[in-house]
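Reading through the structure tokens given below for one structure.
So that the names make sense, note that chain A is the first sequence line, chain B the second, and so on, each numbered from 1. This structure is a prediction, so every number in the text was calculated from the model and none was measured.
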2 protein chains.
Amino acid sequence: MSIRKIAEMTGLSTATVSHAINGTRAVSSESKQKVLAAAAAIGYRPNIAAKFLRNNRSKTVALITPGVRPGMPSNYFYMDVMAGVHARLNEDEYSLIITTYEEPMEESRSFSFGVLEKQWCDGLLVVPNASEPSCIEQILKSELPYVLIDRKIDRFPCDYVISDNEKGSYEAVRLMYERGRRRIAFVGSQLRTSASHDRYLGYRRCLAERGLPEDRSLVLLNGSLSIEEGMRSGALLAQAGADAVFVSDNILTIGVFRYLKGAGRRIPEDISLIGYDDYEWMSDVRPGISSVKQRPYEMGYRAAALLLERLGDPGRAEGRACTLDTVLVLRGSH
Amino acid sequence: MSIRKIAEMTGLSTATVSHAINGTRAVSSESKQKVLAAAAAIGYRPNIAAKFLRNNRSKTVALITPGVRPGMPSNYFYMDVMAGVHARLNEDEYSLIITTYEEPMEESRSFSFGVLEKQWCDGLLVVPNASEPSCIEQILKSELPYVLIDRKIDRFPCDYVISDNEKGSYEAVRLMYERGRRRIAFVGSQLRTSASHDRYLGYRRCLAERGLPEDRSLVLLNGSLSIEEGMRSGALLAQAGADAVFVSDNILTIGVFRYLKGAGRRIPEDISLIGYDDYEWMSDVRPGISSVKQRPYEMGYRAAALLLERLGDPGRAEGRACTLDTVLVLRGSH
DNA sequence: TTGTATGCGTTATCAG
DNA sequence: CTGATAACGCATACAA
């Protein structure tokens with residue numbers, strides 16, 4: 001099942017066999033025929049480990065993202081990202097290794113990626129866990145080319161692909177302002193990633209531009225992203241007299257919506273709502289939930305493309321960014 | 001950055017260094033100290049490709065599933081499966097390679113898995129595409145140990161982990177029967193996988209046991225799984241005078257629900273509905289959608305466990321099955 | 001157009 | 001307790 005076996009069968013040398021298979025130097029068509037026939041006969045498949053050992057390239061890329069937690073409403077955003085990554089890698093016949101980490105990180109466990117330690121891959125696609133500095137250290141230590149996804153890290157320049165969260169958030173808040181809302185609440189996660197940070201910035205920019213005061217009681221930054229937390233936030237902001245709420249996370253959106261409905265608030269008459277991320281079911285609740293739609297598939301696809309470019313041209317400079325526009329999807333809740 | 005480098009640094013042989021690192025034979029504590037120190041100093045990481053070449057084990061497993069299609073409501077079921085797989089593999093420090101295929105298969109493209117051709121992995125976890133026989137051929141040809149997930153294939157005995165779809169389906173239909181429904185429709189996909197087949201069987205068994213006639217106009221088997229198809233099915237079964245509908249797919253469930261609501265049918269008064277798979281949003285529509293809940297995370301976890309067992313004991317016989325119970329989640333629609 | 005020989009990093013065998 | 005060395009499968013520099 002090796003190149004040597006084929007060499008024996010055909011009476012050629014391993015060099016000729018190798019070249020015949022890879023088309024890497026001229027081989028008489030006669031020899032080529034023989035080699036291909038023999039290869040087919042024994043079902044030859046190149047051993048990628050040997051190739052890797054020899055060339056230092058595995059044609060494999062790792063994707064590192066926050067994971068799904070059992071029993072929790074999963075964050076399917078990264079599934080769509082993965083689909084995009086996979087699609088792009090496929091075009092160049094790269095394999096995809098997946099590693100996920102728990103978020104928030106368990107205290108007890110240091111941030112370690114088996115994949116990195118094993119030196120499998122040619123490059124890395126990473127949704128960085130910004131609350132854990134060692135994440136970045138690990139990545140840098142691996143000395144592999146990498147592209148960040150969904151979250152950038154300002155401290156150093158590198159390739160990344162993110163959504164224009166600031167703008168998406170701004171537009172959502174502006175829309176509610178234009179509909180006459182003046183006590184607009186913000187529900188989000190703690191500002192540990194550029195994504196959540198930028199969404200908060202967009203909210204604040206809109207308030208500032210319109211001359212609205214910042215009311216701390218209308219800003220709710222949750223430590224964990226769960227439906228329960230979302231419901232709690234819904235209760236708090238209702239109490240604080242909000243007449244609109246922008247929720248910058250999809251799971252919290254469910255919670256806030258559920259609370260408001262359960263408490264008998266009319267949406268959008270009593271309080272208007274815009275959420276984050278776009279799912280089909282948002283059309284099926286009453287009212288439909290307007291939301292800021294990201295394009296996760298594109299995000300993954302573009303990130304993979306960027307990484308492949310870099311793998312093809314190692315000398316290329318870092319720091320190329322790609323910021324994807326969001327789309328405000330209007331249903332009935334705003 | 002290799003074992004040899006460490007050997008030079010410490011003045012020991014590569015053999016000793018290797019054993020010191022892996023604890024595979026006795027090494028004086030003094031030597032061990034030196035080796036570990038040197039390793040840390042240069043940031044040594046074992047080269048897995050070399051290991052693989054030597055041992056024929058990569059500690060890597062591939063998961064092959066239907067993929068997410070861009071712009072389509074994704075099937076997130078397999079995301080949860082993947083989470084379970086990942087969790088179990090992690091426990092044994094295995095890496096996970098992901099490959100997806102399009103379903104339904106493009107005609108033009110033969111069923112090929114780069115992963116298999118490259119001989120990356122020690123074993124395979126596969127959601128088989130039953131409509132494409134070459135899928136199985138490919139798997140067999142790879143001669144790797146494998147475990148099927150979500151769908152079994154009766155033709156040959158092998159390890160698999162599936163849901164008890166027949167029973168889940170049966171219970172759903174029975175519930176609607178007990179609520180007095182007599183014209184119960186079935187909406188599903190074409191019977192190309194054991195999963196969809198078994199769901200249909202459960203439906204038929206219930207009808208048969210209760211002495212209900214089988215009405216062909218109440219059975220809708222869709223070629224593609226989309227919301228539009230689901231809506232079309234909804235229209236057809238309403239026309240056919242169904243007073244209940246069991247939908248055996250999560251995406252079709254959205255479509256059927258959307259149609260019925262749009263057409264002004266009261267659920268469950270005019271027509272009752274039970275869907276498949278369980279998502280949070282099913283609680284937020286009105287009425288909440290009752291559904292047959294599978295346990296995808298468990299499914300992945302168990303499948304990975306089975307595979308690891310087999311990798312640890314190659315002589316072990318095939319044919320161990322694991323069938324997971326479903327749970328009927330009652331909301332308001334039944 | 002073809003062949004020979006070397007080395008990639010690791011482990012295991014054998015011999016000290 | 002330690003060391004020398006072969007072998008895993010492949011690609012390539014060099015030689016013919």
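The side chain of A:R54 sits closest to D:dA11 out of D:dC8, C:dT10, D:dA11. Here C:dC8 is the nucleotide among D:dC10, C:dC8, C:dT2 with the atom lying nearest to any side-chain atom of B:R4. Checking C:dT10, D:dA4, C:dC8 against every side-chain atom of A:L53, the shortest atom distance belongs to C:dC8. The side chain of A:N47 sits closest to D:dG9 out of C:dG3, C:dT11, D:dG9. Nearest to the side chain of B:Y44, among C:dT11, C:dT10, C:dG3, sits C:dT10. Picking from C:dA12, D:dT2, C:dT2 the nucleotide with the shortest atom distance to the side chain of B:H19 gives C:dA12.
Rounded to an integer number of Å, the gap from CD1 of A:I48 to C1' of C:dC8 is 15 Å. In this structure, B:I42 atom CD1 and C:dG9 atom C1' are separated by 12 Å, rounded to whole Å. Atoms CD1 (B:I3) and P (D:dA4) sit 14 Å apart, rounded to a whole Å. We find that CD1 of A:I21 is positioned 14 Å from P of D:dG9, with the value rounded to whole Å. Protein atom CG of B:N55 is 11 Å distant from nucleotide atom C1' of C:dG9, rounded to whole Å. The nearest whole Å value for the distance from the CH2 atom in B:W120 to the P atom in D:dG9 is 16 Å. Look at CD1 on A:I6: it is 11 Å from P on D:dA11, rounded to the nearest Å. A straight line from CZ of A:F52 to P of D:dT12 spans 15 Å, rounded to a whole angstrom.
Residue-to-nucleotide proximity on DNA chain D shows that, of A:S2 and A:R25, the 5′-proximal contact is made by A:S2. Nearest-nucleotide positions on DNA chain D place B:T16 closer to the 5' end than the other of B:T16 and A:T24.
The pair B:R88-B:E91 meets the salt-bridge criterion, since a charged nitrogen lies less than 4.0 angstrom from a carboxylate oxygen. Residues A:K59 and A:D122 are not paired through a salt bridge, judged by the lack of any N-O separation under 4.0 Å between the basic side chain and the carboxylate.
In this model, the phosphate group of C:dT11 is approached by a side-chain N or O of B:K51 to a distance below 4.0 Å at OP1 or OP2. Phosphate contact (OP1/OP2 of D:dT2, side-chain N/O of B:S28, threshold under 4.0 Å): present. Between D:dA11 and A:S18, a contact under 4.0 Å exists linking OP1 or OP2 to a side-chain N or O.
Counting non-hydrogen atoms of neighbouring residues, nucleotides and ligands closer than 6.0 angstrom, the NE2 atom of B:H19 exceeds 12 such neighbours. A 6.0 Å sphere centred on CD of A:Q33 holds no more than 12 heavy atoms belonging to other residues, nucleotides or ligands.
Axis angle between the ends of the helix from C:dT1-D:dA16 to C:dG16-D:dC1, five pairs each and rounded to 10 degrees, works out to 40°.
Between B:D150 and B:Y78, the side chains place a donor N or O and an acceptor N or O closer than 3.5 Å (distance only, hydrogens not considered). Looking only at atom types and distance, the side chain of B:N90 has no donor-acceptor partner in the side chain of A:Y101 under 3.5 Å away. The closest side-chain donor-acceptor pair between B:W120 and A:S58, if any, does not fall under 3.5 angstrom.
Nucleic acid contact for A:N56: none, since no nucleic acid atom lies under 4.0 Å from a heavy atom of the residue. At a threshold of 4.0 angstrom between heavy atoms, the contacts of B:T14 include nucleobase atoms, whether or not backbone atoms are also involved. Using a 4.0 Å heavy-atom distance criterion, A:N22 is classed as a sugar-phosphate-only contact.
Side-chain atoms of A:V85 and A:L96, non-hydrogen and from C-beta on, do get closer than 4.5 Å to each other.
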